[in-house]
Amino acid sequence: MDSFLNKSRPLVFCPGCTHERITKGLDKTLIDMGLTADKTVIVTDIGCSGLFDTFFNVHALHGVHGRALTYAAGLKLADPTLTVIVTMGDGGLGIGGAHVLAACRKNLDLTLIILNNFNFGMTGGQYSATTPSDAVVGSEFLNQAEIPIDICAIAKSAGATYVSKCSGHDPALPDELAKAIRHKGFSVVETLGMCTGRYTKRNNLTPKVIDEMIANQPVEGGVVEGNQRPEYGELYRKLAGEKTQFPEALTIERSFNLVAPRRQEVVILGSAGMRIVTAGDIVCYAGIASGMNVSIKNDYNITVLRGQSVSEILLSPEKIGYTGIESPTVVMALSDEGVQRRQKIFKTLAPTTVVLKEKSVDIPETTARVIEIDFKELKIKRTDWALASLGVLAEKEILFSKEILAFALKSRFNEKVYDLAMETIEKMY
């Protein structure tokens, strides 16, 4: 093939834009390396560098701003035989910096070409993460309040195994790109270039100035010896291949037939540390063992040891489409925090709804049937109130029987914990 460039989609960069030189340089690289179109992928970011996917007759994917490396990683992991090249501007570099760092750490066999022209050229010439502090750009003084990042230094410190910097006008650019692509691991090539549509109108930037910038900030280009390690994809597949033991999926067989199965909506209102979610799991296990479809939604703080803990469980003989609670049939009110979190539901409860309330907990006025239990008097620890509540329900044949509850507990816990749980449950019988 004499060229990978798409003749039906001519280059459309501004006159004098370095991106055009880099495009043609990359084309020469692909030709010189003898790559094939069906095994080559160019993944692009947003911005002027994001036009690269339309210019080449290879596989291509146009990404979201700053996220191109994530798609590239998926492609390479899915098919390790692909040569995957990512083009990203300094705008995408700043926006997707966390993805760049992750790629450096992983060392997946990708080549990232950063087309650094020191501004957001496509959207008005605003400053980017690489804009010099003394530059004149379309975002007033903002770049003066920050320092530009040195992506080559960052990439090295983050673990990239090949890092280089060069001018987009350097005749040796195709060779440098070829070295990066041949390297087995994550390669970063920062190319410095001119944005003639925006940046150079107000800033003195020429190929000579770019050469001086590179000379003043030399990068020991190429393989980063201290970061050398196995390529991520190969190591991942090796480690996965060595793994022989995997967690077995839990299977709960239908073991009980309910006389008149109906939809049940269960709400457990408690606080962190009361094992509310565990109680919700047990209700679900009991439902599955009875041939019901189940769903569970849990509500708790990101600080998991403080605040409310609420579980909403649906049990239905029919498939569950909407998992929201509409008409609760059972409510367990075990803490004031939990009740406050769902206090509005009490006004809507039907007279047939059962509210199991711990004596110390206050609930809003309701027409539901209220069963009050003094767990403190029964010497049940607060952490076991939710479990004990299930025992109360089983004893009264609400939701499930004692036999079904025991089966659910045995499915959920190991033998030692099951025995301890049954000790608490049997206090309620």
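Along the sequence shown, residues carry numbers from 1. The shown structure was predicted, so the numbers you read here are calculated from the model rather than taken from an experiment.
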ask   = Taking the side chain as C-beta and beyond, is there a heavy-atom pair between Arg275 and Leu387 under 4.5 Å?
value = no
With the threshold set at 4.0 Å, does a side-chain nitrogen-carboxylate oxygen contact exist between [X] and [Y]?
X: Glu358; Y: Arg382; value: no
X: Asp299; Y: Arg342; value: yes
X: Glu242; Y: Lys238; value: yes
X: Lys357; Y: Glu372; value: yes

Qualifying ring pair (Phe, Tyr, Trp, His ring centres under 6.0 Å) pairs with a residue from residues 350-388, counting only residues at least two apart or across chains = Phe375-Trp385
Under 3.5 Å, side chain of [X] to main-chain N/O of [Y], donor-acceptor pair present?
X: Asn414; Y: Val417; result: yes
X: Asp336; Y: Asp362; result: yes
X: Thr367; Y: Leu349; result: yes
X: Arg229; Y: Gly159; result: yes
X: Arg105; Y: Ala103; result: no
X: Glu253; Y: Ser255; result: no
X: Asp374; Y: Lys359; result: no
X: Ser311; Y: Ile268; result: no
X: Glu190; Y: Ile113; result: no

Residues two or more places apart in sequence or in another chain: which of them pass side chain to side chain contact (heavy atoms under 4.5 Å, CB included) with [X]?
X: Asn293; result: Ile320
X: Ala153; result: Asp150
X: Thr23; result: Leu5, Leu11, Phe13, Phe52, Phe55, Phe56
X: Ser8; result: Asn6

ask   = With sequence neighbours excluded, what pairs up with Asp45 under the side chain to side chain donor-acceptor pair (under 3.5 Å) test?
value = none
request  = Might you work through the side-chain hydrogen bond (donor to acceptor under 3.5 Å, both in side chains) test for Ser133 and Gln144, ending with a clear yes or no?
outcome  = CA-CA 5 Å; Ser133 299; Gln144 299 172 33; over 6 Å; no
Could you tell me whether [X] atom [atom1] has more than 12 heavy atoms of other residues or ligands within 6.0 Å of it?
X: Phe141; atom1: CZ; value: no
X: Lys179; atom1: NZ; value: no
X: Gln228; atom1: CD; value: yes
X: Lys39; atom1: NZ; value: yes

ask   = Are Tyr162 and Phe186 an aromatic pair by the rule of ring centers under 6.0 Å?
value = no
ask   = Looking at Phe246, does the NZ or CZ of Lys243 lie under 6.0 angstrom from its six-membered ring centre and within 45 degrees of the ring axis?
value = yes
Within this structure, what is the [atom1]-[atom2] distance for the pair [X] and [Y], rounded to the nearest 0.5 Å?
X: Ser316; Y: Glu265; atom1: OG; atom2: CD; value: 9.0 Å
X: Arg306; Y: Glu337; atom1: CZ; atom2: CD; value: 8.5 Å
X: His59; Y: Leu82; atom1: NE2; atom2: CG; value: 7.0 Å
X: Thr29; Y: Leu173; atom1: OG1; atom2: CG; value: 6.5 Å

ask   = Minimum heavy-atom separation for Val64 to Tyr71, with atom names?
value = CG2-OH, 3.1 Å
